[in-house]
Asker: 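Let me give you the structure first, and then I'll get to my questions.
As the structure is a computational prediction, the values presented were derived from the model and not from experiment. The first residue in the sequence is number 1, and the count goes up from there.
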Amino acid sequence: MNTHVVDHPLAAVLLTAMRDARSDNATFRAALRRLTHMLVYEAMREAPVETFDVVTPIATTDGVRLTHPPLLVPVLRAGLGMVEQASSLIPQARVGFVGMARDEETHLPVPYLESLPADLFGIPVYVLDPMLATGGSMVHTIELLVARGATDVTAVCVVAAPEGVAALSASGYPVRLVTAAVDEGLNEDAFIVPGLGDAGDRQFGPR
Ligand SMILES: O=P(O)(O)OC[C@H]1O[C@H](OP(=O)(O)OP(=O)(O)O)[C@H](O)[C@@H]1O
Ligand SMILES: O=c1cc[nH]c(=O)[nH]1
Ligand SMILES: [Mg+2]
């Protein structure tokens, strides 16, 4: 599986604000929005484009548009903080929603929402979730997408654990990962170390 770590000083500064336990909810959300802009921008670097004639006030020249406008899929709750920025960067994108919350004992995802187009064949899908920990939530989301015909999925995450990267890779699904960091690993509660805590709680408060 292809993993692209967006290694840029401006991304690192924003990630630092998100990691910092002193950042309040508003500061955390603002940093997540701005970092999402960079991650999605990088994730779209190889997106195919087609040309068409555009008429400037002076002459006709080649204009460019995305060949396949993507579907964005925020994973609720934490992914909600990424979708506004991603869709403002790609105004042509559609948006689907998946909701799930990890069981605190088993660490397995418990799905509670699935609102996706029925047919995803030929549509690039960008899954937005700040955290890739065990990988269970992302693998479940990709299962839903592949069942609808998706063959081109990009997971856009802020922080990934090596365990989650391995789980995505082992899933065999057609997925690549774009992230700002691959951290050390998981603790006994399956939280990413050093990570940034609970990305849902840090945006919206405890469930
Ligand atoms: O890789 P995993 O081990 O599955 O963990 C990652 C998931 O955990 C977080 O969501 P959480 O379950 O805390 O729900 P929330 O977004 O509502 O806080 C995060 O946003 C991911 O969806
Ligand atoms: O570190 C973690 C792991 C899962 N979910 C989070 O929000 N943070
Ligand atoms: Mg959470």
Asker: Which pair of heavy atoms, one from A17 and one from S23, lies closest together, and at what distance?
Answerer: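 What the structure gives for the nearest pair is O-OG, 2.6 Å.
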
Asker: Answer whether the closest heavy-atom distance between the side chains of M100 and T141 falls below 4.5 Å.
Answerer: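 Yes. Closest side-chain heavy atoms under 4.5 Å.
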
Asker: Considering all heavy atoms of both residues, which atom of A167 and which atom of G135 are nearest to each other, and what is their separation?
Answerer: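 Heavy-atom minimum between the residues: CB-CA, 4.4 Å.
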
Asker: Say whether, by atom type as modelled, one donor and one acceptor occur between the side chain of R19 and the main chain of G195 under 3.5 angstrom.
Answerer: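 Pair found, side chain donor or acceptor close to backbone of G195.
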
Asker: Could you check if a side-chain atom of R94 sits within less than 4.5 angstrom of a side-chain atom of L71, using non-hydrogen atoms only?
Answerer: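 Side-chain contact under 4.5 Å: yes.
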
Asker: Show your reasoning for whether side-chain contact (heavy atoms from CB on, under 4.5 Å) applies to L168 and V139.
Answerer: CA-CA 6 Å; L168 273 195; V139 169; 4.0 Å; yes

Asker: Looking at N2, I'd like to know if its CG atom is crowded, meaning that more than 12 non-hydrogen atoms belonging to other residues, nucleotides or ligands lie closer than 6.0 Å.
Answerer: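 Above 12, so yes.
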
Asker: Answer yes or no: are there more than 12 heavy-atom neighbours, outside R77 itself, under 6.0 Å from its atom CZ?
Answerer: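 Atom CZ in R77 is packed in, count exceeds 12.
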
Asker: What pair of heavy atoms forms the shortest contact from A155 to V175, and how long is it?
Answerer: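 So the two residues come closest at N-CG2, 4.1 Å.
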
Asker: Output, in order, the C-alpha distance, side-chain angles, deciding distance and verdict of side-chain contact (heavy atoms from CB on, under 4.5 Å) for V193 and D183.
Answerer: CA-CA 6 Å; V193 181; D183 274 6; over 6 Å; no

Asker: For a quick test of reading the model, state the closest non-hydrogen atom pair linking A43 to R176 and the distance between them.
Answerer: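 Shortest heavy-atom contact: O-NH2, 2.6 Å.
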
Asker: State whether the side chain of Q203 and the backbone N or O of F28 hold a donor-acceptor pair below 3.5 Å, judged by distance alone.
Answerer: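 No.
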
Asker: When you compare the side chain of R102 with that of S137, does any pair of heavy atoms fall below 4.5 Å?
Answerer: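 S137 vs R102: side chains touch.
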
Asker: Within the 4.5 Å heavy-atom criterion, are L132 and T179 side-chain neighbours or not?
Answerer: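 Contact flag for L132/T179 side chains = no.
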
Asker: Going from CG on L15 to CG on D20, what distance comes out if it is rounded to the nearest 0.5 angstrom?
Answerer: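 It is 11.0 Å, given to the nearest 0.5 Å.
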
Asker: Starting at CG of L196, measure out to CE of M131 and round the result to the nearest 0.5 Å.
Answerer: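 If I round to the nearest 0.5 Å, the distance is 4.0 Å.
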
Asker: Rounded at 0.5 Å granularity, tell me how far OG1 in T51 sits from CG in D62.
Answerer: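 That separation rounds to 5.0 Å.
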
Asker: Quick check on the hydrophobic clustering: are L10 and V159 connected, directly or via other members, by side-chain heavy-atom contacts under 4.5 Å?
Answerer: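 Yes; tracing contacts between hydrophobic side chains, which count when under 4.5 Å, links both residues.
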
Asker: Nearest 0.5 Å please: distance from the NE2 atom of H107 over to the CD atom of E188.
Answerer: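 Going from the NE2 atom of H107 to the CD atom of E188 covers 9.0 Å.
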
Asker: Is V110 reachable from V75 through a run of hydrophobic residues whose side-chain heavy atoms are each under 4.5 Å from the next?
Answerer: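 Unlinked, V75 and V110 end up in two clusters.
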
Asker: Is it the case that one hydrophobic cluster holds both L128 and V182, taking links as side-chain heavy atoms less than 4.5 Å apart, direct or via other members?
Answerer: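 In one cluster: no.
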
Asker: Give a yes or no on whether E46 atom CD has more than 12 heavy-atom contacts from other residues, nucleotides or ligands under 6.0 Å away.
Answerer: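 No, CD of E46 has 12 or fewer neighbouring heavy atoms, counting only those of other groups under 6.0 Å.
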
Asker: Would a distance-only check, ignoring hydrogens and angles, find a side-chain to backbone donor-acceptor pair under 3.5 Å from E163 to L186?
Answerer: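 Yes.
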
Asker: Before giving the answer on side-chain contact (heavy atoms from CB on, under 4.5 Å), spell out for L72 and V40 the whole-Å C-alpha distance, their side-chain angles and the decisive distance to 0.1 Å.
Answerer: CA-CA 10 Å; L72 305 173; V40 172; 5.6 Å; no

Asker: Decide, yes or no, whether a salt bridge links E104 with R207 under the criterion of side-chain N to carboxylate O below 4.0 Å.
Answerer: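 R207 and E104: not salt-bridged.
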
Asker: Quick one: does N187's side chain have a donor or acceptor within less than 3.5 Å of a partner on D189's backbone?
Answerer: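 Yes; at least one donor-acceptor contact below 3.5 Å.
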
Asker: Are Y41 and V156 connected in the hydrophobic side-chain network, where two residues link if heavy atoms are under 4.5 Å apart?
Answerer: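 Hydrophobic grouping puts Y41 with V156.
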
Asker: Could you tell me whether the side chain of C157 reaches within less than 4.5 Å of the side chain of M138, counting heavy atoms only?
Answerer: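 A side-chain contact exists here, since the closest heavy-atom pair is under 4.5 Å.
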
Asker: Backbone N or O of A78 within a donor-acceptor pair of the R202 side chain at under 3.5 Å?
Answerer: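 The answer is no, because no donor-acceptor pair under 3.5 Å joins these two groups.
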
Asker: CD1/I192 to OG1/T134 distance, rounded to the nearest 0.5 angstrom?
Answerer: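 I192 CD1 to T134 OG1: 9.0 Å, rounded to 0.5 Å.
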
Asker: Is the closest side-chain heavy-atom distance between T36 and E84 below 4.5 Å?
Answerer: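 No - every pair of side-chain heavy atoms lies 4.5 Å or more apart.
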
Asker: Measuring from atom NE2 of H8 to atom CD of E42, what distance do you get when rounded to the nearest 0.5 angstrom?
Answerer: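 The NE2 atom of H8 sits 8.0 Å away from the CD atom of E42.
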
Asker: Can you establish whether the number of heavy atoms outside F121 located under 6.0 Å from its atom CZ is more than 12?
Answerer: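 Not more than 12 within 6.0 Å, no.
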
Asker: Run the side-chain contact (heavy atoms from CB on, under 4.5 Å) check on L80 and F204 step by step: do they pass?
Answerer: CA-CA 10 Å; L80 273 182; F204 307 118; 4.1 Å; yes

Asker: With a 4.5 Å cut-off on side-chain heavy-atom distances among I, L, V, M, F, W and Y, is there a chain of contacts connecting V127 to L35?
Answerer: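 They do not share one cluster, since no chain of ILVMFWY contacts under 4.5 Å joins V127 to L35.
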
Asker: Would you say that M18 contacts L14 through its side chain, given a criterion of any heavy-atom pair below 4.5 Å between the two side chains?
Answerer: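 Heavy-atom side-chain distance check fails, nothing below 4.5 Å.
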
Asker: Work out which heavy atom in A150 is nearest to a heavy atom in P174; give both atom names and the distance.
Answerer: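 Looks like O-CG, 4.3 Å.
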
Asker: Which pair of heavy atoms, one from A190 and one from A133, lies closest together, and at what distance?
Answerer: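 Of all heavy-atom pairs spanning A190 and A133, the closest is O-CB, 3.8 Å.
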
Asker: Taking the side chain as every heavy atom from C-beta outward, state whether I123 and H68 have any atom pair closer than 4.5 Å.
Answerer: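 Of all side-chain heavy-atom pairs linking H68 with I123, none is under 4.5 Å.
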
Asker: Do R148 side-chain atoms and L144 backbone N/O form a donor-acceptor pair below 3.5 Å?
Answerer: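 Looks like yes, one N/O pair under 3.5 Å.
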
